[in-house]
Amino acid sequence: MQFKNTLEFAAGLDENDGLKNFRDQFYIPLINGKESIYFTGNSLGLQPKTTQDYVLNELEDWANFGVEGHFHARKPWMPYHEIFPQQLSKIIGALPEEIVVMNQLTVNLHLLMVSFYRPTKQRYKIICEAKAFPSDQYAMESQVKYHGLKYEEAVIEVSPREGEHALQTEDILSAIQQHADSVALVLFGGVNYYTGQFFDIKKITEAAHAVGAIAGFDLAHAAGNVKLELHDWEADFACWCSYKYLNSGPGGVSGIYIHQKHIADSSLPRFAGWWGHTKDSRFKMEKGFEPIPTAEGWQLSNAPILSMAAHKASLDIFDEAGIDNLVAKGKLLSDYLFFILDEINAGSAKKLIEVITPRNAHEKGYQVSMLMLEKGKEVFDALKQHGVLADWREPNVIRVAPVPLYNTFTDVFTFGQIVKTILNK
Ligand SMILES: *Cc1c(COP(=O)(O)O)cnc(C)c1O
């Protein structure tokens, strides 16, 4: 598409946007009494207007039924988590039995590493992206220490080439090759939180399997953002949070995926709890853990219903909008943002902004990370004053995420005008 940097053009894109009505289903925070340009849906997605009802229904059922709500609530609590896998299977690209919603993201990453990071004397390394999200780094660090290994020896980080910001897939693959005999686990983000780079999950998985390693992914920035086919790509495991791209509320419940080939393997070590025990005999309260032969077998505790109600409200909207439509609009929004930022650079004697997110459609979602070569903090502070919520990462990166469910092309245009004005001052 031939873009134009005009309000008229942006408004035209909004007019023809098949998803334009979804914005009305969300509360848009106000700044100085005006609707903000909310570009931080990659940090905390906005609240659907339906969420309150979903949560209130559960509070009402609790008031009305007490413990009987486990069976008599409108959505009975006992099997509550079973309402998610069907909907999430479209977002994750997996079979319903490969998915369960439980716990929080970092907790789940640890639980999955208990099952899938089983270092031996020979095979003990984890290969990951440099600058992984800190919680993932701490999880890896503490896991290798837990196994009596040294972080520096066990964790191999793949870094971008000199002068580059994104990773080259071939460098990831060759790192796996290089440690072919000693790598136990290849653990990557689906989309890197800092650069917005969407990694080639299929190729990384193939390379890991070719050397006899497991491939796992943290999809915190990928779930709901990019098109995923986890099952077909044969990824071994993955986990994600629901409060960023999936709009399910602060601290919202997490989800995990485990490939079909592993789910019924009761020999896999795991940290078990009663909710993972086979349903027929769970309430016999007897000794001897027998895991449910699906991803549900990794559950520990009974489900956090209030948090799950918020998740359900959001997933119903995803269903209505369709993940393919959302991914397509997200890419168009970020393409338009790339174009606007190019225009700002082109209109200046020297480059002002370096976009560190890859441009290729298959290497990005809708987050765009801007390395500010001039006046970074000044631009960031001014954005807030002008009603734009963006995200600042040291030393000088501004991350923005125009969200297909509730942001507009006009938001992107207006954002560009503000940035340009400040940089040209
Ligand atoms: C947001 C994020 C987290 C946060 O973990 P929580 O356990 O949900 O607090 C972890 N990893 C990645 C990659 C993230 O983007």
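The structure displayed is predicted, hence computed values, not measured ones. The analysis underlying the following values was restricted to heavy atoms, covering all of them including side chains, and did not include hydrogens, waters or symmetry mates. For ligands, and for the atoms within them, numbers begin at 1 and follow the listed sequence.
Applying the side-chain hydrogen bond (donor to acceptor under 3.5 Å, both in side chains) definition to pairs two or more places apart or across chains, those involving residues 372-389 are K350-E374. Residue pairs meeting the salt bridge (charged side-chain N to carboxylate O under 4.0 Å, His left out) criterion with at least one member in residues 385-410, sequence neighbours excluded, are D391-R393, D391-R399.
Every residue two or more places apart in sequence or in another chain was checked for a ring pair (Phe, Tyr, Trp, His ring centres under 6.0 Å) with W62, and none qualifies.
Side-chain contact annotation: Q367 with S369, donor-acceptor N/O pair under 3.5 Å present.
Outside the 6.0 Å centre-distance limit, the rings of H147 and Y124 are not counted as a close aromatic pair.
A cation-pi contact links K244 to F133, judged by a cut-off of 6.0 Å to the six-membered ring centre and 45° from its axis.
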Enumerate, one pair per line, all nitrogen or oxygen atoms of ligand 1 lying under 3.5 Å from a protein nitrogen or oxygen, stating the separation to 0.1 Å; write 'none' if no such pair exists.
| from | atom 1 | to | atom 2 | distance (Å) |
| --- | --- | --- | --- | --- |
| ligand 1 | 5 (O) | T106 | OG1 | 3.2 |
| ligand 1 | 7 (O) | T106 | N | 2.9 |
| ligand 1 | 7 (O) | T106 | OG1 | 2.6 |
| ligand 1 | 8 (O) | Y243 | OH | 2.5 |
| ligand 1 | 11 (N) | D136 | OD1 | 2.6 |
| ligand 1 | 11 (N) | D218 | OD2 | 3.2 |
| ligand 1 | 15 (O) | H221 | NE2 | 3.1 |
| ligand 1 | 15 (O) | K244 | NZ | 2.5 |

